[in-house]
Asks: 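Take this structure first; my questions come after.
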Amino acid sequence: MSLHVAAIDQGTTSTRCIVFDEHGAVVAVDQRELTQHFPRPGWVEHDAGEIWRDALAVTTGAIAKAGLTAKDVAAIGITNQRETAVLWDRRTGEPVHRAIVWQDTRTDAIIAELAADGGQDRFRAASGLPLATYFAGPKIRWILDEVPGLRARAEAGEICAGTVDSWLIFKLTGRHITDVTNASRTMLMNLSTLDWDEELLAAVGVPRAVLPEIRPSVEIYGQAGGELAGIPVAGALGDQQAALFGQTCYAPGEGKNTYGTGSFLLLNTGETPVASKAGLVTTVAYRIGDEAPVYALEGSIAITGALVQWLRDNLGIIDSADEIEALASTVDDTGDCYVVPAFSGLYAPHWRSDARGVICGLTRYITKAHIARAVLEATCWQTREVAEAMRADSGVELTELRVDGGMTVNSLLMRTQADILGVPVVRPAVPETTALGAAYAAGLAVGLWPDLDTLRSHWRADVTWRPEHDRDADYVKWRKAVERSMGWVD
Ligand SMILES: Nc1ncnc2c1ncn2[C@@H]1O[C@H](COP(=O)(O)OP(=O)(O)O)[C@@H](O)[C@H]1O
Ligand SMILES: O=P(O)(O)OC[C@H](O)CO
């Protein structure tokens, strides 16, 4: 058998493919930036056609860079930005609208209407999710409502809808399938039955005919065609669940935090879904074939790395993301300045769509370096908020935090995170845990790896940052700043 797996990691800002060997080591990477469209305040769109073209190009590119051909690749795994809604014509395979990205807030009127009839937690028991613009189902409804004639075509079975995993699986194999972790982010799936829920479908306004079949995360979905002909497409996980899987958090009580466009702290809670009272999301962590599903509690933070991008692209304070560390290091603290990046409202644990970003504590003393440092601290404080909610909901005391994602190259950020959480922060030797998780899923499905223990044996710590300074006093200030961000949108 071939000893390599290709993982497509379709993230919010880029699409990459990584080829891994049988030890879980990176052999080759190919990557393309994804165009972001911001047509109106609060709207964020992607071109699904570009996503597919990039996914295909980076997959063939990474396989070529690895010195391999399609027949040398045992399986393709997929991991993706979650909650982003794609609709396409079933016959032509062409998108019928730009993809509406998870951060997009255009469904706020739909959400308010749904919440008026039963409150924000109306669908929590069935779906595990609070009512928020974040999730995919209402985005699908928005497109069906807004594109003339589309709802009738959808009801006639001519239209497919899904999250990005589903879009890529369709383009690769011709089958309309989604994995259960992605389906759990739509607000349309019942967490206990793992099937589309008739009541949720009716309330949100999405016909079953547009939705894919929900399948386990580890399973052969079909064979790829074209340049990738013959490679089994054999695993899919939403990117945050993939990172949990790649970090080998297979036991209840194990968790990780991934720092990308946003940050997502997930804790494995085992085979029973845990209802959150502290503002977290209950979600499917993974399902291996016909085994029992494994659930997680999740603290979803919308804006962390995206705030660094905003500093670069909108304010021009830095020219590249990695410059923020040097700039923030020129000062010892933030000068009592706090940035709350509520660009898409606030997600966990607050779920306040009426919040918008604020910078608090400005004086003549504050320089761009203080703001850069406050931008980094915003990631750490938001993480502390969800870590506290996690402890309240699960009773699990965090003794260390496994981390990954694009922001973890920033040592100042990671050191500050250890101080602000008061526990060690550990980055693994393979920081590409999202892609690794998808590769593990696909490799398990085709028998490249026999079991989870084998995958666990691959995990190694690289750097550990230990807490050195107590920051509890500053947490009070952070919470005051968060309060000031709320209630901005009427
Ligand atoms: N040195 C750095 N310091 C802080 N943030 C960084 C740094 N390098 C990259 N980032 C941020 O990391 C994010 C990219 O991480 P990545 O894991 O690729 O994200 P995604 O999967 O969401 O596309 C960007 O938002 C970028 O601003
Ligand atoms: O693509 P990322 O890494 O920004 O992750 C996005 C999340 O899946 C959104 O829920």
Side-chain angles (χ1 to χ4, degrees), residues 8-16 18 29 31-36 44 46 51 54 78-85 99-104 129 132-136 139 163-165 181-182 184-186 236-244 246 256-266 281 283 296 298-314 317-329 341 343-344 347-348 372-373 375-380 403-417 427 431-435 437-438:
I8 301 173
D9 177 1
Q10 203 302 297
T12 311
T13 58
S14 73
T15 306
R16 57 183 161 243
I18 304 186
V29 184
Q31 175 160 349
R32 291 194 175 188
E33 294 305 309
L34 180 62
T35 314
Q36 309 291 312
V44 188
H46 289 158
I51 286 178
D54 286 357
I78 294 172
T79 180
N80 56 286
Q81 53 168 325
R82 308 165 301 167
E83 302 97 12
T84 296
I100 301 184
V101 177
W102 57 277
Q103 298 157 315
D104 190 294
L129 311 175
T133 57
Y134 180 23
F135 304 107
K139 297 182 200 292
T163 39
V164 170
D165 59 312
T181 68
N182 277 288
S184 76
R185 316 298 296 190
T186 57
L237 292 152
D239 55 10
Q240 304 310 321
Q241 284 89 340
L244 190 77
K256 64 85 209 180
N257 197 23
T258 301
Y259 300 77
T261 304
S263 288
F264 302 86
L265 178 56
L266 268 74
V281 159
T283 200
E298 171 177 321
S300 328
I301 305 168
I303 305 288
T304 57
L307 184 60
V308 177
Q309 288 174 337
W310 179 79
L311 211 62
R312 181 194 65 192
D313 301 338
N314 297 44
I317 288 178
I318 47 174
D319 288 328
S320 67
D322 53 5
E323 283 179 17
I324 194 171
E325 185 167 4
L327 178 59
S329 300
F343 295 172
S344 306
Y347 288 6
R373 201 164 177 121
V375 158
L376 293 181
E377 290 206 348
T379 292
C380 305
V403 299
D404 51 68
M407 295 184 91
T408 61
V409 296
N410 188 320
S411 300
L412 172 63
L413 175 72
M414 293 294 103
R415 213 168 59 229
T416 308
Q417 183 69 87
R427 194 179 64 201
E432 295 288 359
T433 51
T434 301

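Every heavy atom of this structure was used, including side-chain atoms; hydrogens, water molecules and symmetry mates were not. We number each residue from 1, following the sequence as shown. Note that the structure is predicted; figures quoted are calculated from it, not measured. Every number for a ligand or one of its atoms is a count from 1 in the order of the listing.
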Asks: Would you say Met414 contacts ligand 1, with heavy atoms under 4.0 Å as the rule?
Replies: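 The answer is no: ligand 1 sits nowhere under 4.0 Å from a heavy atom of Met414.
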Asks: Would you say the side chains of Ser344 and Gln103 form a donor-acceptor pair under 3.5 Å?
Replies: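 Checked: Ser344/Gln103 side chains show no N/O donor-acceptor pair below 3.5 Å.
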Asks: Please indicate whether any nitrogen or oxygen in Val308 is less than 3.5 Å from any nitrogen or oxygen in ligand 1.
Replies: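 The answer is no, given that Val308 and ligand 1 share no N or O pair closer than 3.5 Å.
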Asks: Does Glu33 approach ligand 1 within less than 4.0 angstrom via side chain, backbone, both or neither, non-hydrogen atoms only?
Replies: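 For Glu33, there is no contact with ligand 1 at all, from either part.
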Asks: Hey, looking at atom 14 (C) of ligand 1, which of Ala243, Gly405, Gly406, Gly262 has the closest heavy atom?
Replies: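 Looking at heavy atoms only, Gly406 sits closest to atom 14 (C) of ligand 1.
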Asks: Is the closest heavy-atom distance from Val409 to ligand 1 below 4.0 Å?
Replies: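 Flag set, Val409 near ligand 1.
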Asks: Rounded to the nearest 0.5 Å, how far apart are NZ of Lys256 and CD of Gln241?
Replies: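 That separation rounds to 8.0 Å.
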Asks: Regarding Thr258 and Asp404, is there a side-chain donor-to-acceptor distance under 3.5 Å anywhere?
Replies: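 Present: a donor and an acceptor within the cut-off.
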Asks: Can you name the closest pair of heavy atoms from Leu311 and Ala372 and give their distance?
Replies: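 Where Leu311 meets Ala372 most closely, the heavy atoms are CD2-CA, 4.1 Å.
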Asks: In ligand 1, which numbered atoms sit nearer than 4.0 Å to a non-hydrogen atom of Ile324?
Replies: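 What qualifies from ligand 1 is 3 (N), 4 (C).
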Asks: Suppose we measure from atom 7 (C) of ligand 2 to each protein heavy atom; which comes out shortest, and what is that distance?
Replies: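 Ranked first by proximity to atom 7 (C) of ligand 2 is Asp239 OD1, 3.5 Å.
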Asks: May I ask whether Gln309 places a heavy atom under 4.0 Å from ligand 1?
Replies: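 Distance cut 4.0 Å: Gln309 passes for ligand 1.
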Asks: Return yes or no for this condition: an N or O of Trp102 is under 3.5 Å from an N or O of ligand 2.
Replies: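 Between Trp102 and ligand 2, no N or O pair is found under 3.5 Å apart.
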Asks: For ligand 2, does Glu83 get within less than 4.0 Å through its side chain, its backbone, both, or neither, judged by non-hydrogen atoms?
Replies: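 The side chain, only.
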Asks: Please state which protein non-hydrogen atom is closest to atom 4 (O) of ligand 2 and give its distance, to 0.1 Å?
Replies: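 Result for atom 4 (O) of ligand 2: Thr12 OG1, 2.8 Å.
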Asks: Among side-chain atoms of Thr163 and Arg82, is any donor-acceptor pair under 3.5 angstrom?
Replies: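 No, Arg82 and Thr163 have no side-chain donor paired with an acceptor closer than 3.5 Å.
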